[in-house]
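Everything below concerns the one structure shown next.
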Amino acid sequence: MPTLSPFWRNGALALGLLLPGAALAQAPAPAAPAAAPSAAPAQSPDTVVAKVNGATITAGDLAVAADDPALSLPGVDEAQKRNLLVDYMVDLKIGAQAAEKDKVAESPDFTRKLAYFRDKLLLDEYLEREAKKAVTPQAAKALYDETVKAMKPEEEVHARHILVDNEAEAKKIAARLKAGEDFAKVAAETSKDPGSKAEGGDLGWFTKERMVAPFADAAFKLEAGKISDPIKTQFGWHVIKVEEKRSKPVPSFDEMKEQVEAYLTRKTQQDIITKLREGAKIERVGAAPAAPAPAPKADEKK
């Protein structure tokens, strides 16, 4: 860890210094321990971890701080992170006590900010709670099954190609290949495509929309094992060999689970807000009047 200035405590300021990725990247890696430390026993949220002028800081307070994205500490081990969070909470409590003493909380601006952040936290907690109720394993699996059922089979092709500059050269290459020469060997010798040349022209599996139209049309018309005549695209002249064809495999539920749950969470929260708006009496006081509709043109009046 970078050495901190002796004028700064290893608390809120130190935690702030550790947050940028550059500081962490520059820190030397700690020596590996001789043996893995045993896991720390779980603490009750009410367990006191520090006191500041008589005010307590609990394990539950640390858990709240640890969930703050602004205090994320990637690459820091749990013991060090806990110590930093305790120091941060100590500094936070000291600062808050000083602000209370200075009557900061009595200012109108602070009152408005406090009301805003209270509403925001309430909404966030409410949406998170309701989403957890709705996003069950059963709901996620049902959405996956429904989506998969509606998907149409999509054809994929596994193909190789050789790219050259002119038609005459492409015709010579096509003739060599149709006479039985090894496609991968000829591709390595002649292809101008740096992305696939070293792989014997192999393009892997692709769907039709991933390729430019003339190339895709030719590839998807070819039977497996066949060699195409020269095909012209904006990149040059191609000779194509189709290795295999298949229907694109559907991703498994386990592969899609996180995406399905994220979609369900967003949809649930959006639906909640929509329903709340529909049931609320909303008045926009002092809002600008709606713009009048434009007058019809002369030819529209006839």
Side-chain angles (χ1 to χ4, degrees), residues 1-33 35-135 265 268-269 272-273 276:
M1 185 188 303
T3 303
L4 299 176
S5 165
F7 298 105
W8 287 348
R9 295 182 62 254
N10 189 22
L13 294 175
L15 188 60
L17 287 175
L18 281 170
L19 290 177
L24 290 173
Q26 294 167 2
S38 58
Q43 288 185 313
S44 163
D46 296 327
T47 301
V48 176
V49 298
K51 291 184 179 181
V52 180
N53 298 325
T56 60
I57 298 170
T58 66
D61 297 330
L62 289 189
V64 172
D67 285 340
D68 186 347
L71 302 180
S72 174
L73 291 169
V76 177
D77 66 65
E78 288 303 312
Q80 185 182 17
K81 182 177 180 179
R82 177 184 169 83
N83 286 335
L84 287 167
L85 286 174
V86 170
D87 285 332
Y88 171 78
M89 291 297 295
V90 166
D91 290 345
L92 190 65
K93 188 68 72 175
I94 291 171
Q97 289 173 351
E100 287 279 6
K101 187 176 180 180
D102 206 34
K103 302 187 184 305
V104 171
E106 297 178 13
S107 71
D109 282 348
F110 180 84
T111 302
R112 280 189 285 269
K113 288 177 183 178
L114 185 62
Y116 168 79
F117 283 109
R118 183 178 186 276
D119 287 348
K120 186 176 185 299
L121 281 171
L122 281 170
L123 175 61
D124 289 346
E125 288 289 324
Y126 175 65
L127 291 178
E128 184 177 345
R129 186 186 69 183
E130 295 303 306
K132 283 180 179 177
K133 292 179 187 176
V135 184
T265 297
T268 298
Q269 293 175 344
I272 288 171
I273 294 297
L276 290 173

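The figures here come from the full heavy-atom set of this structure, side chains too, leaving out hydrogens, waters and symmetry mates.
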Mind checking what makes salt bridge (charged side-chain N to carboxylate O under 4.0 Å, His left out) contact with Glu128, not counting sequence neighbours? Lys132
Between Leu123 and Ile273, does the side chain to side chain contact (heavy atoms under 4.5 Å, CB included) criterion hold? Intermediate values first, please. CA-CA 10 Å; Leu123 175 61; Ile273 294 297; 3.9 Å; yes
Between Lys93 and Ile57, does the side chain to side chain contact (heavy atoms under 4.5 Å, CB included) criterion hold? Intermediate values first, please. CA-CA 8 Å; Lys93 188 68 72 175; Ile57 298 170; 4.2 Å; yes
Taking side-chain contact (heavy atoms from CB on, under 4.5 Å) as the test, write out the residues that go with Ala59, two or more places apart. Gln43, Thr47, Val49
Which residues satisfy the salt bridge (charged side-chain N to carboxylate O under 4.0 Å, His left out) test with Lys120, sequence neighbours excluded? Asp124
Closest approach of Ala131 to Thr268 (non-hydrogen atoms, all atoms of both residues): CA-CG2, 4.1 Å
Salt bridge (charged side-chain N to carboxylate O under 4.0 Å, His left out) partners of Glu130, counting only residues at least two apart: Lys133
Run the side-chain donor-acceptor check on residues 104-118: report pairs under 3.5 Å with partners two or more places apart or on a different chain.
from	atom 1	to	atom 2	distance (Å)
Ser107	OG	Val104	O	3.1
Ser107	OG	Phe110	N	3.2
Asp109	OD1	Arg112	NH2	2.7
Thr111	OG1	Ser107	O	3.1

Atom CE in Met89, atom CD1 in Ile94: separation rounded to 0.5 Å? 11.5 Å
Under 3.5 Å donor-acceptor pairs involving side-chain atoms of residues 61-69, not counting sequence neighbours:
from	atom 1	to	atom 2	distance (Å)
Asp61	OD2	Thr58	N	2.9
Asp61	OD2	Thr58	OG1	3.2
Asp68	OD1	Ala70	N	3.0

Less than 4.5 Å apart, side chain to side chain, heavy atoms only: is that true for Tyr88 and Asn83? no
If you round to the nearest 0.5 Å, how far is CG of Leu92 from CG of Leu85? 11.0 Å
One should read off an interatomic distance between Leu73 CG and Lys81 NZ, to the nearest 0.5 angstrom, of 6.0 Å
